[in-house]
> 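Sending over a structure as structure tokens; questions will come in a sec.
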Amino acid sequence: MNILIFGPNGSGKGTQGAVVQKRFGMPHIETGVIFRENIKNGTELGKQAKEFIDKGELVPDKITIPMILSRIKAPDCQNGWLLDGFPRNLAQAEALWIALQKENIKLDYVIEIVLDREIAKKRIMGRRLCATDNNHPNNIYIDAIKPADKNGKNVCRVCGCEQLATRADDQDEAAIDKRHNIYYDTNTGTLAAVNFFRKLVKVLDVDGTPGVKEVSEALEKKLI
Ligand code: AMP
């Protein structure tokens with residue numbers, strides 16, 4: 001099963017992606033995670049990507065497109081993949097589609113988590129990352145996933161880990177606006193990429209406004 005998942009930053013896309021990954025067992029390939037790992041490990045790719053990520057800009061297509069096209073050819077992707085965070089613009093969508101056609105690879109589903117821009121922004125600023133597992137959802141602005149309290153300190157609501165961090169690019173409002181400008185751009189941005197696929201494959205639209213659980217349930221139903 002080959003799936004793309006779209007959603008603005010703050011829509012819970014990563015969390016819903018993990019639900020899909022669990023259901024079908026394919027690798028969950030998150031472009032942002034790949035970049036952050038490279039930055040952490042001080043690789044050349046990480047150094048190149050960092051200056052763009054810190055400003056809330058896209059890493060150039062000439063770096064990102066080959067990185068992902070080679071990732072989905074890796075042996076663990078033989079039985080499918082879930083791409084999360086790619087494509088992020090129309091050019092990446094077109095490049096991916098051309099590569100898939102060339103290799104005769106079917107794209108089964110495209111998922112779009114639909115969320116209002118202002119709600120998405122608030123959710124980003126409240127997001128807290130658990131050092132034990134980044135997929136443990138914690139958000140100081142969402143009641144259903146508020147971090148737990150331990151002696152007046154916020155700890156991970158799933159595992160109790162005391163290291164809850166914000167991502168530097170999550171607290172910079174200008175950078176968030178820039179990222180959303182890219183996402184909500186229907187001419188050449190991410191929504192243009194989603195619309196590009198609408199003409200080619202089945203796009204499952206899921207309302208991202210309710211809580212994580214409700215969104216997962218709605219998504220599960222659509223995946224049948
Ligand atoms: P994310 O974790 O998906 O929010 O991604 C964090 C940052 O990584 C983004 O703000 C971009 O700077 C960069 N990034 C992630 N995916 C892409 C992509 N497909 N193309 C270019 N840059 C990307």
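Read the numbers this way: they start at 1 and go in the same order the structure lists the ligands and their atoms.
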> Give the residue, atom name and distance (to 0.1 Å) of the protein heavy atom nearest atom 23 (C) of ligand 1.
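Here the nearest protein heavy atom works out to Phe35 CE1, 3.6 Å.
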
> How far is atom 4 (O) of ligand 1 from the closest protein heavy atom, and which atom is that?
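The answer is Asn9 ND2, 3.0 Å.
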
> Write out the residue and atom name of the closest protein heavy atom to atom 11 (C) of ligand 1, then the distance separating them to 0.1 Å.
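For atom 11 (C) of ligand 1, the nearest protein heavy atom comes out as Glu57 O, 3.6 Å.
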
> Record the part of Thr64 in heavy-atom contact with ligand 1 below 4.0 Å; permitted values are side chain, backbone, both and neither.
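Contact part for Thr64 vs ligand 1: side chain (C-beta onward).
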
> What I want to find out is whether Lys122 reaches Glu118 closely enough, with some N-O distance under 4.0 Å, to be called a salt bridge.
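No, Lys122 and Glu118 are not salt-bridged.
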
> Name the closest protein heavy atom to atom 7 (C) of ligand 1, giving the residue it belongs to and the distance to 0.1 Å.
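It is Ile53 CG1, 3.9 Å.
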
> Can you name the one residue among Leu107, Ile72, Ile105 that meets side chain to side chain contact (heavy atoms under 4.5 Å, CB included) with Leu96?
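With Leu96 as partner, Leu107, Ile72, Ile105 yield a single side chain to side chain contact (heavy atoms under 4.5 Å, CB included), made by Ile72.
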
> Of all the non-hydrogen atoms in the protein, which one sits nearest to atom 6 (C) of ligand 1, and at what distance?
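The closest heavy atom on the protein side is Arg36 NH1, 3.7 Å.
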
> Below the 3.5 angstrom mark, is there an N/O of Val59, backbone or side chain, next to an N/O of ligand 1?
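Yes - when backbone and side-chain N and O of Val59 are compared with those of ligand 1, one distance drops under 3.5 Å.
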
> Tell me: protein heavy atom nearest atom 3 (O) of ligand 1, and distance?
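Minimum-distance protein heavy atom for atom 3 (O) of ligand 1 reads Arg88 NH1, 3.0 Å.
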
> Report yes or no: do Asp61 and Asn89 form a side-chain donor-acceptor pair below 3.5 Å?
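Judged by distance alone, the side chains do pair up.
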
> Are any of the N or O atoms of Gly85 closer than 3.5 Å to those of ligand 1?
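So ligand 1 has an N or O lying under 3.5 Å from an N or O of Gly85.
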
> Could you measure the distance from the CE atom of Met125 to the CG atom of Asp170? Nearest 0.5 Å is fine.
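So the CE of Met125 and the CG of Asp170 are separated by 8.5 Å.
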
> Any atoms of ligand 1 less than 4.0 Å from a non-hydrogen atom of Arg179? List them with their elements.
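Counting from 1, the qualifying ligand atoms are 4 (O), 10 (O).
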
> Is there a donor-acceptor pair closer than 3.5 Å between any side-chain N or O of Gln92 and the backbone N or O of Arg88?
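Checked: pair present.
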
> Would you please test Asp207 and Thr209 for side chain to side chain donor-acceptor pair (under 3.5 Å) and show each step?
CA-CA 6 Å; Asp207 178 11; Thr209 322; 2.5 Å; yes

> Below 3.5 angstrom, do we get any N/O pair linking Gln92 and ligand 1?
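Yes, Gln92 has an N/O under 3.5 Å of an N/O on ligand 1.
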
> Please state which part of Arg167 comes within less than 4.0 Å of ligand 1, counting heavy atoms only: side chain, backbone, both or neither.
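For Arg167, the contact with ligand 1 is made by the side chain alone.
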
> Going by atom types alone, do His180 and Asn9 pair a side-chain donor with an acceptor below 3.5 Å?
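Asn9 and His180 do not have a side-chain donor-acceptor pair below 3.5 Å.
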
> Hey, does the Lys NZ or Arg CZ of Lys202 hover above the aromatic six-ring of Tyr109, less than 6.0 Å from the centre and inside 45° of the axis?
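Cation-pi check for Lys202 and Tyr109: fails.
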
